[in-house]
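Basis for what follows: all heavy atoms, side chains included, without hydrogens, waters or symmetry-related copies.
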Amino acid sequence: MRGIEGIEQTINGLETDAIEIERIVIGLLRTVELIHKPDPAGALFFAPSNQWSELSGQELQKQRDALRKYQRWYTVAHRYVREYAPERVDEFNHCYFGDTQGNYGVIDYIKLERLQRSRNKSRIIDDFWRVFEIQRSILLSVSDVLGIERINLRELISSDIIDREIGEADCLCRMGHPRAAGVLAGVALERQLKTLCDRYGLEYQKKDAVEHLVQRLYENDCLDLTQLRTIRHLAEIREKCDHASDVTGDEVGELIERLREFMQQSFPTEPLRLQDTIA
């Protein structure tokens with residue numbers, strides 16, 4: 001968990017660096033002059049014909065600063081994209097290098113070596129912003145992937161605890177202690193509902209009981225009507241165990257068995273994926 005939080009902190013720091021890189025590069029693009037180069041005599045095709053003028057000492061320093069910051073940003077960001085969003089790494093790389101079809105990469109806008117088709121600075125700056133924004137957006141999407149990993153890890157831990165609690169409740173019930181078994185199974189049920197609330201981003205209070213949790217899940221379409229009624233029925237059996245009401249071993253056995261079934265529905269063997277949360 002701490003590792004995930006550390007990565008997210010690094011990504012936030014990289015976004016701060018990206019803002020600074022963008023500011024420096026846009027400043028360069030605005031101040032460095034574009035010089036028109038006439039097409040060769042008899043040229044039959046249109047080619048980029050505007051080149052950047054020689055940089056002043058101050059502009060060279062800004063360019064060097066931007067280049068170093070961007071190279072560092074790209075190297076670190078590339079590692080996270082390759083690790084956590086490998087399906088986007090080619091797109092991320094393309095935004096660095098550009099291509100030979102007239103599509104420039106971020107590095108081209110920093111080096112100021114490739115000819116420009118237009119002398120419209122606003123258009124050039126917009127082109128730079130768009131290609132850099134793609135890279136930044138891809139990197140920031142890693143945080144969403146990490147969020148899913150955090151949920152999967154939390155659910156893995158929670159499901160293990162719940163499974164152990166259900167097992168202990170089953171043993172107590174078989175040993176002739178149905179009331180104690182029902183109380184423990186009720187704790188497992190409550191923990192399971194809170195884990196589902198975490199999965200779907202639903203807020204709850206630490207003291208919230210089963211009824212409040214299940215109603216919140218149902219109102220947000222995280223449970224269907226059959227599941228709602230089943231959980232309420234199980235909660236009634238649990239209430240009998242908490243108070244002086246008569247409760248039988250068969251009732252508690254039903255609570256444990258149906259709780260196991262609900263847990264299998266709630267924690268599928270496949271890990272949660274990003275599209276699951278979007279859907």
[X], [Y]: one ILVMFWY side-chain cluster at the under-4.5 Å cut-off?
{"X": "Leu184", "Y": "Leu234", "value": "no"}
{"X": "Val76", "Y": "Ile110", "value": "yes"}
{"X": "Val183", "Y": "Val210", "value": "no"}
{"X": "Trp52", "Y": "Ile35", "value": "no"}
{"X": "Leu228", "Y": "Phe262", "value": "yes"}

Using ring-ring contact (aromatic ring centres under 6.0 Å, His included) as the criterion, list what pairs up with Tyr218, not counting sequence neighbours.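 By the ring-ring contact (aromatic ring centres under 6.0 Å, His included) rule, Tyr218 matches no residue at all.
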If I compare all heavy atoms of [X] with all of [Y], which pair ends up nearest, and what's the gap?
{"X": "Val142", "Y": "Tyr80", "result": "CG2-O, 4.0 Å"}
{"X": "Leu29", "Y": "Leu112", "result": "CD2-CD2, 3.6 Å"}
{"X": "Asp108", "Y": "Phe97", "result": "OD2-O, 3.5 Å"}
{"X": "Glu251", "Y": "Ile237", "result": "O-CD1, 3.6 Å"}
{"X": "Val187", "Y": "Arg238", "result": "N-NH1, 4.1 Å"}
{"X": "Ala181", "Y": "Ala169", "result": "CB-O, 3.1 Å"}

Side-chain H-bond candidate by donor/acceptor type, [X] with [Y], under 3.5 Å:
{"X": "Tyr96", "Y": "Gln71", "result": "yes"}
{"X": "Gln63", "Y": "Glu59", "result": "no"}
{"X": "Glu254", "Y": "His233", "result": "yes"}

Among Ile, Leu, Val, Met, Phe, Trp and Tyr joined by side-chain contacts under 4.5 Å, find the other residues sharing a cluster with Ile19 and list them by chain and number.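 Members other than Ile19 - counting any ILVMFWY side chain reachable under 4.5 Å - there are none.
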Distance in Å, [X] [atom1] paired with [Y] [atom2], rounded so as to fall on 0.5 Å steps:
{"X": "Ile11", "Y": "Tyr84", "atom1": "CD1", "atom2": "OH", "value": "8.5 Å"}
{"X": "Leu67", "Y": "Leu60", "atom1": "CG", "atom2": "CG", "value": "11.5 Å"}
{"X": "Arg258", "Y": "Ile256", "atom1": "CZ", "atom2": "CD1", "value": "13.5 Å"}
{"X": "Leu55", "Y": "Leu28", "atom1": "CG", "atom2": "CG", "value": "6.5 Å"}
{"X": "Leu255", "Y": "Cys241", "atom1": "CG", "atom2": "SG", "value": "7.0 Å"}
{"X": "Ile231", "Y": "Gln215", "atom1": "CD1", "atom2": "CD", "value": "11.0 Å"}

Could you check whether any side-chain heavy atom of [X] comes within less than 4.5 Å of a side-chain heavy atom of [Y], counting everything from C-beta outward?
{"X": "Leu217", "Y": "Gln227", "result": "no"}
{"X": "Asn220", "Y": "Tyr200", "result": "no"}
{"X": "Leu34", "Y": "Ile124", "result": "yes"}
{"X": "Arg229", "Y": "Leu225", "result": "yes"}
{"X": "Val25", "Y": "Phe128", "result": "yes"}
{"X": "Gln61", "Y": "Arg64", "result": "yes"}
{"X": "Asn50", "Y": "Ser118", "result": "no"}

Val106 and Tyr70: CA distance, side-chain angles, deciding distance, side chain to side chain contact (heavy atoms under 4.5 Å, CB included) verdict: CA-CA 9 Å; Val106 174; Tyr70 177 68; 3.4 Å; yes
Any donor and acceptor pair, going by atom type alone, linking the side chain of Lys62 with main-chain N or O of Ile24 inside 3.5 Å?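 No, the answer is negative, given that no donor and acceptor are paired below the 3.5 Å cut-off.
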Do the side chain of Lys240 and the main chain of Val252 share a donor and acceptor less than 3.5 angstrom apart? no
Partners meeting side-chain hydrogen bond (donor to acceptor under 3.5 Å, both in side chains) with Glu15 (sequence neighbours left out):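 Applying side-chain hydrogen bond (donor to acceptor under 3.5 Å, both in side chains) to Glu15 gives Arg136.
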Taking side-chain hydrogen bond (donor to acceptor under 3.5 Å, both in side chains) as the definition, give me every residue that meets it alongside Glu20, ordered by chain and number, with sequence neighbours left out.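 side-chain hydrogen bond (donor to acceptor under 3.5 Å, both in side chains) check on Glu20 returns Arg23.
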Criterion ring-ring contact (aromatic ring centres under 6.0 Å, His included) against Phe132, the qualifying member of Tyr104, Tyr109, Trp73: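 Testing Phe132 for a ring-ring contact (aromatic ring centres under 6.0 Å, His included) against Tyr104, Tyr109, Trp73 leaves exactly one candidate, Trp73.
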Decide, yes or no, whether a salt bridge links Arg130 with Asp126 under the criterion of side-chain N to carboxylate O below 4.0 Å.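 Yes, this pair counts.
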Test side chain to side chain contact (heavy atoms under 4.5 Å, CB included) on Arg216 and Asp208 and set out the steps. CA-CA 11 Å; Arg216 186 151 182 75; Asp208 285 344; over 6 Å; no
For Cys222 and Leu202: C-alpha separation, side-chain torsions, deciding distance, then whether side chain to side chain contact (heavy atoms under 4.5 Å, CB included) applies. CA-CA 10 Å; Cys222 302; Leu202 303 179; 4.1 Å; yes
Mind telling me whether Tyr74 and Phe92 have parallel, tilted or perpendicular rings, with 30° and 60° as the class edges? parallel
Apply salt bridge (charged side-chain N to carboxylate O under 4.0 Å, His left out) to Glu236 and Arg232, showing your working. CA-CA 6 Å; Glu236 289 174 359; Arg232 281 178 170 168; over 6 Å; no
For Asn93, run the side-chain hydrogen bond (donor to acceptor under 3.5 Å, both in side chains) check against Gln135, Arg82, His78 and tell me which one passes. His78
Check step by step if salt bridge (charged side-chain N to carboxylate O under 4.0 Å, His left out) holds for Arg72 and Asp17. CA-CA 10 Å; Arg72 175 190 173 278; Asp17 293 341; 3.1 Å; yes
Sorted by first residue and then second, give each salt bridge (Lys or Arg N to Asp or Glu O under 4.0 Å) pair with at least one member in residues 88-101; sequence neighbours left out. Arg88-Glu91
Of all pairs that satisfy side chain to side chain donor-acceptor pair (under 3.5 Å), the ones with a partner from residues 166-178, not counting sequence neighbours: Asp170-Arg174
